[in-house]
J.: 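Please find one structure pasted underneath; my questions will follow.
To find a chain, count down the sequence lines: A is the first, B the second, and so on, and within it residues start at 1.
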2 protein chains.
Amino acid sequence: MARSTGTPTISDVAKAARVSRQTVSNVINRPDLVRPETRRRVEGAIERLRYRPHASARRLRTRRSSTIGIRLDPVSANGISGSVLDGFLHALTERAAERGIRILLYAANGIDAELAEFRRLIDESEVDGFVVTSTTYGDRRISWLVEQRIPFVSFGRPWGVADMTDRRYRWVDVDGAAGVRMATEHVQSLGAREVAFVGWPSPSGIGEERRQGWIESCGLAPERMAELSVGVADEATEAARAVAELLDSSRPPDAFVCASDSLALGARMALVERGLELPVVGFDDTPVAAAMGLSSVSQPLSDVAEAVLELLMGPDGGVVIDDPDRLAGPTHRLLQPELVVRGEGASAREEGKETCDEDA
Amino acid sequence: MARSTGTPTISDVAKAARVSRQTVSNVINRPDLVRPETRRRVEGAIERLRYRPHASARRLRTRRSSTIGIRLDPVSANGISGSVLDGFLHALTERAAERGIRILLYAANGIDAELAEFRRLIDESEVDGFVVTSTTYGDRRISWLVEQRIPFVSFGRPWGVADMTDRRYRWVDVDGAAGVRMATEHVQSLGAREVAFVGWPSPSGIGEERRQGWIESCGLAPERMAELSVGVADEATEAARAVAELLDSSRPPDAFVCASDSLALGARMALVERGLELPVVGFDDTPVAAAMGLSSVSQPLSDVAEAVLELLMGPDGGVVIDDPDRLAGPTHRLLQPELVVRGEGASAREEGKETCDEDA
DNA sequence: AGTCGGGATTTGATCGTTCAAATAGAATCC
DNA sequence: GGATTCTATTTGAACGATCAAATCCCGACT
C-alpha cells in the first residue's frame, strides 16, 4: 500500500494521521463531521505528505465529472466578435474554478458533428453538462439537448422557439435592444437628431433585437426610419459602402449606431474618407473599438458567466443540476449591457497596457 | 452487475457477447489481439448496447488523463492579437481530438498563481502535461516546469534562455524574422524603396526578432535605418502618432511594415487622415487586418498545433511523453509564416462569410 | 503419443476514492 | 440502570476500467 515512492494516496494520509480512509475523506469533503482535534491532525498529515485527491478516482466513485463542455467556434465564423466568446470563456473558466468545476473544450464542424460530440462526452462521463453559445434561429442543438435531458445553459436566447420561458431550457442573454437604446440616446445627447442604424440582414434574431432598440429610441417618422436603417453582412467593407451611400444622399444622417464593431469600423472608415467627424457607436466593445477609440456597447461577460453557472448548478452549488425543476427561481436571465464611451469628450485613456509580448 | 437501468459497463457488453471483460477491452484497445469472429461479435454487442467506456475509470486504471492543460490568457492582456491564441486553441483542440486527447482550460492571474495551478493539475492527475503560450523574456514558468520534470511544450521560443536547443525544453515557434522579410520584400516589389518598420520598444524578444527581418531586407544605410525604425506600445493610437511623425518629416518613407496588426491599423489611420495610399503590412492576420483589407503575415496555427502535439506525444502517439529523450528527432521546431496579400492588386474577396449570428 | 509453442481468452488483483452501513463511545432520558 | 439518541469513526463494498499472469486450445514438431 503505502509505498514510499509515487504520489501519496488517501490511505497514506490515513495511516500517517492514525485514522481511517473515510475520516480523511470527510476532512476534505465534509469537515463539519470531523472532531476539530482529529481534523487538525489529518490536515497536518495532508500538508506534510502533500496529498491531493486523484481526480479520476473521485469522479469514478461519485459519478460526477465536475466538468463542463464548451465548444470553441471555428475562427472563420466569428471574425472580430470572436473576442466576445473569448472574454466569456475566460470569465467562465475563472468562475467555474471557484466552484471546483473544470472547463473542457471541444471542436465540431457543423451541427451533426456537435450533436455527436454532445453524446460522446456525456456517454463517456467526460462532462456533466454543456454551455452552448452562438445560438441561431431555431437552433437544433437546443431542442436536441432538451429532448435528451442533457443539462445545459445557453448564452443567447432561444430565437424562434415557441416558449422562451420553458423551464426545461435555461438561458442567459444580454439585452441588446437596451444596449442600442443607450447608444442612440448617447449620440442624441451629443446633439445628433438623425441617427442611422447599421445592422445585419433580416433573418437574424440578435440583429432584429438590436434594431428594435434603435426603433424605440430614434424618434424618427416611419418613412425616415426606413431610409436610415440598413442591413449588411458583418464586414467593415460592406458597412463602409452602405454608410458612404447614406452620407452621399440628399439627407445624410448625423450619427451611426451599429450592431457590431465590425460595422462601426466600416462606418468610421467611410467618415474618415470624407473628412467627417460624426459619432459612431459599435457593439461588443472588442479590441478594435478600443484601438480605434470608438464608443461601444459592452456585454457584462463576467456576470453572464456567473449567471450561466448559477443556472447550471444553483446559487452556489458545485454540482450540475439535472432537472431544472430542482432549481429555485427563474431558469433564464436577461442582463443589461453598458455603454463604453470613447473619443470626443471622454478622456481617451483609461486602460493601461504594458506587455508587447502578445505573440504565440 | 448488469442492471438493466443506467449506462452499460464493459461487463454488460462481455455478458452480451459471451466473452470476458478483458476481451471487450481488447476489442477496444488492442483489436489486433482478438480473433476476427470474436471481434465482430463484441463489436455487435457494443453497438447494440451503445456502450462507451467510462473516461474516469479508464484514467484511474491507466494512470493517464489523456488531457492537456492550457491557460486562457486574461483578455485585457492580449488585445487584438488575442485572436492568435484563439486560432491556435481551436487548431489544438481539433488536432488533439484526433489523438484522443482533451484540452482543459485554466485561468491564472500572475506567474505564481499559474505555477500553483500547474502543481494542482498535475498532482490531482487532472492533466498529463501543458501547452504554454505567451512566453516572455526569461519566463519563470519554463525553468520551473523543466525543473519539476512536468511535460510541456511551448508555443514561443525561450527568449533569454541560455541554450535554446536544450532537449529538456520542447518548443514550437514561427519564424517572425522571415515573415517580416517577406512583408518587406512584398512592398518593395510594389515599388517601395524606403520601407519603415513600426515595432515595439526594446525588451521584447519577439519584437526584436521581427525587426531583424526588416533590417536584413530593407537595404537601407545604417543611419537611414535608425530614422525609419520606430518602437511604440502595441496600440493603434500610439502607432498612428509615430507614423504621422514619420510622414511629416522631411524624408517620409514610402511603405510601412509593422510588428502587429494593431500597429498596422494605426499606420493606416495616419495615412488615411492624410489622404495617402502607401502600402502597409501587419502581422498575425487578425480579423482586423481582414476587415481593413490590410496585408498581413499569417502564422500557420494549424501546423503549430500539430507540431506541438508531435513534440508532446511523438509523431502519431496518443500518450504524452515524459522524458524528451525518448523523443526521436529534434525537440523544437521553427515554422515558416505566410504573407496574406490584400487590397491593391489582390482580389480583395477570398473568404466567404454568411452568418450574422456571431453573438454570444 | 507426448511435448512444445504460441495465439486467443479468461482470471484475479488493482487503480484511489466515496458510499452505505456498522460500530464504538459519550451523553440524555425516564 | 438500561434503553435511547447522537456524534465520531471505521469497515467492507463498490465505481468501471486495465494490467499481469494464468489458462485454454490447437496445430506442429520430434
J.: Categorize B:R52 for me: base, sugar-phosphate, or nothing, with a 4.0 angstrom heavy-atom threshold over every strand shown.
T.: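 Sugar-phosphate contact only.
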
J.: Return no unless some side-chain N or O of B:R63 is found under 4.0 Å from OP1 or OP2 of C:dG16.
T.: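 For B:R63, the contact criterion (side-chain N or O under 4.0 Å from OP1 or OP2 of C:dG16) is met.
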
J.: Could you state the atom-to-atom distance from CD of B:E124 to C1' of C:dC15 in whole Å?
T.: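 These atoms are roughly 17 Å apart.
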
J.: Got a list of side-chain donor-acceptor pairs under 3.5 Å for residues 40-60 of chain B, not counting sequence neighbours?
T.:
unit_1: B:R41; atom_1: NE; unit_2: B:A17; atom_2: O; d: 2.9
unit_1: B:R41; atom_1: NH2; unit_2: B:A17; atom_2: O; d: 3.3
unit_1: B:H54; atom_1: ND1; unit_2: B:S56; atom_2: N; d: 3.2
unit_1: B:H54; atom_1: ND1; unit_2: B:A57; atom_2: N; d: 3.3
unit_1: B:H54; atom_1: NE2; unit_2: A:S125; atom_2: OG; d: 3.4
unit_1: B:R58; atom_1: NH2; unit_2: B:N29; atom_2: OD1; d: 3.4
unit_1: B:R59; atom_1: NH1; unit_2: A:E126; atom_2: OE2; d: 3.0
unit_1: B:R59; atom_1: NH1; unit_2: B:S65; atom_2: O; d: 3.3
unit_1: B:R59; atom_1: NH2; unit_2: A:E126; atom_2: OE2; d: 2.6

J.: Between P on D:dG16 and CZ on A:R64, what's the gap in Å once rounded to a whole number?
T.: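 Atom CZ in A:R64 sits about 14 Å away from atom P in D:dG16.
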
J.: Report for the helix from C:dA1-D:dT30 to C:dC30-D:dG1: angle between first-end and last-end helix axes, five pairs each, rounded to 10 degrees.
T.: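 Terminal axis comparison yields 60°.
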
J.: Taking atom P of C:dG16 as reference, at what distance in whole Å does atom CD of B:E126 sit?
T.: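 My rounded result for the distance is 16 Å.
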
J.: Let me know the distance between CD1 of B:I46 and C1' of D:dA17, rounded to the nearest Å.
T.: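 Rounded to the whole Å, the gap is 13 Å.
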
J.: In this structure, which one of B:H90, B:E310, B:E306 forms a side-chain hydrogen bond (donor to acceptor under 3.5 Å, both in side chains) with B:R95?
T.: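 Single pass found, and it is B:E306.
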
J.: Between B:D112 and B:R140, does a salt bridge (Lys or Arg N to Asp or Glu O under 4.0 Å) hold up when you go through it step by step?
T.: CA-CA 9 Å; B:D112 292 306; B:R140 270 172 58 207; 2.8 Å; yes

J.: Report the relative orientation of the aromatic rings in A:F118 and A:Y106; use parallel for angles under 30°, tilted for 30 to 60°, perpendicular for over 60°.
T.: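 A:F118 vs A:Y106 ring planes: perpendicular.
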
J.: With a cut-off of 6.0 Å (strictly less than), are more than 12 heavy atoms of other residues, nucleotides or ligands near CG of A:N109?
T.: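 Atom CG in A:N109 is not crowded, with 12 or fewer foreign heavy atoms closer than 6.0 Å.
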
J.: Give me the ring orientation class for A:W171 and A:H332: parallel if the planes are under 30° apart, tilted from 30 to 60°, perpendicular past 60°.
T.: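 Parallel.
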
J.: Given atom NE2 of B:H54 and atom C1' of C:dG16, what is their separation to the nearest angstrom?
T.: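 Nearest whole value for this atom pair: 14 Å.
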
J.: Around atom CZ of B:R167, are there more than 12 heavy atoms from other residues, nucleotides or ligands closer than 6.0 Å?
T.: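 Enclosed: over 12 neighbouring heavy atoms sit under 6.0 Å from CZ of B:R167.
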
J.: Only one of A:V19, A:D32, A:V34, A:T38 clears side-chain contact (heavy atoms from CB on, under 4.5 Å) with A:N26; which?
T.: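 When A:V19, A:D32, A:V34, A:T38 are each tested with A:N26, the side-chain contact (heavy atoms from CB on, under 4.5 Å) holds only for A:V34.
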
J.: Without decimals, in angstroms, what is the distance between B:L60 CG and D:dA14 P?
T.: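 For the pair B:L60 CG and D:dA14 P, the rounded distance is 17 Å.
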
J.: Write down the distance between CG (B:D12) and P (D:dC15), rounded to a whole number of angstrom.
T.: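 About 10 Å, once rounded to whole Å.
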
J.: Using a 4.0 Å cut-off on heavy atoms, which residues in residues 20-39 of chain B reach DNA chain C? List them by number, or say none.
T.: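 Residues of residues 20-39 of chain B under 4.0 Å from DNA chain C: B:S20, B:R21, B:Q22, B:T23, B:L33, B:V34, B:R35, B:T38.
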
J.: In whole angstroms, how far is the C1' atom of C:dT10 from the NZ atom of B:K15?
T.: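 Rounding to the nearest Å, NZ of B:K15 and C1' of C:dT10 are 15 Å apart.
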
J.: Given the structure, check if the side chain of B:R61 and the base of C:dT14 hold any donor-acceptor pair shorter than 3.5 Å.
T.: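 Looking at the base of C:dT14, it does pair with a donor or acceptor on the side chain of B:R61 (distance under 3.5 Å).
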
J.: Could you tell me the separation between the CG atom of B:D139 and the CD1 atom of B:I111, rounded to the nearest 0.5 Å?
T.: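 The CG atom of B:D139 sits 5.0 Å away from the CD1 atom of B:I111.
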
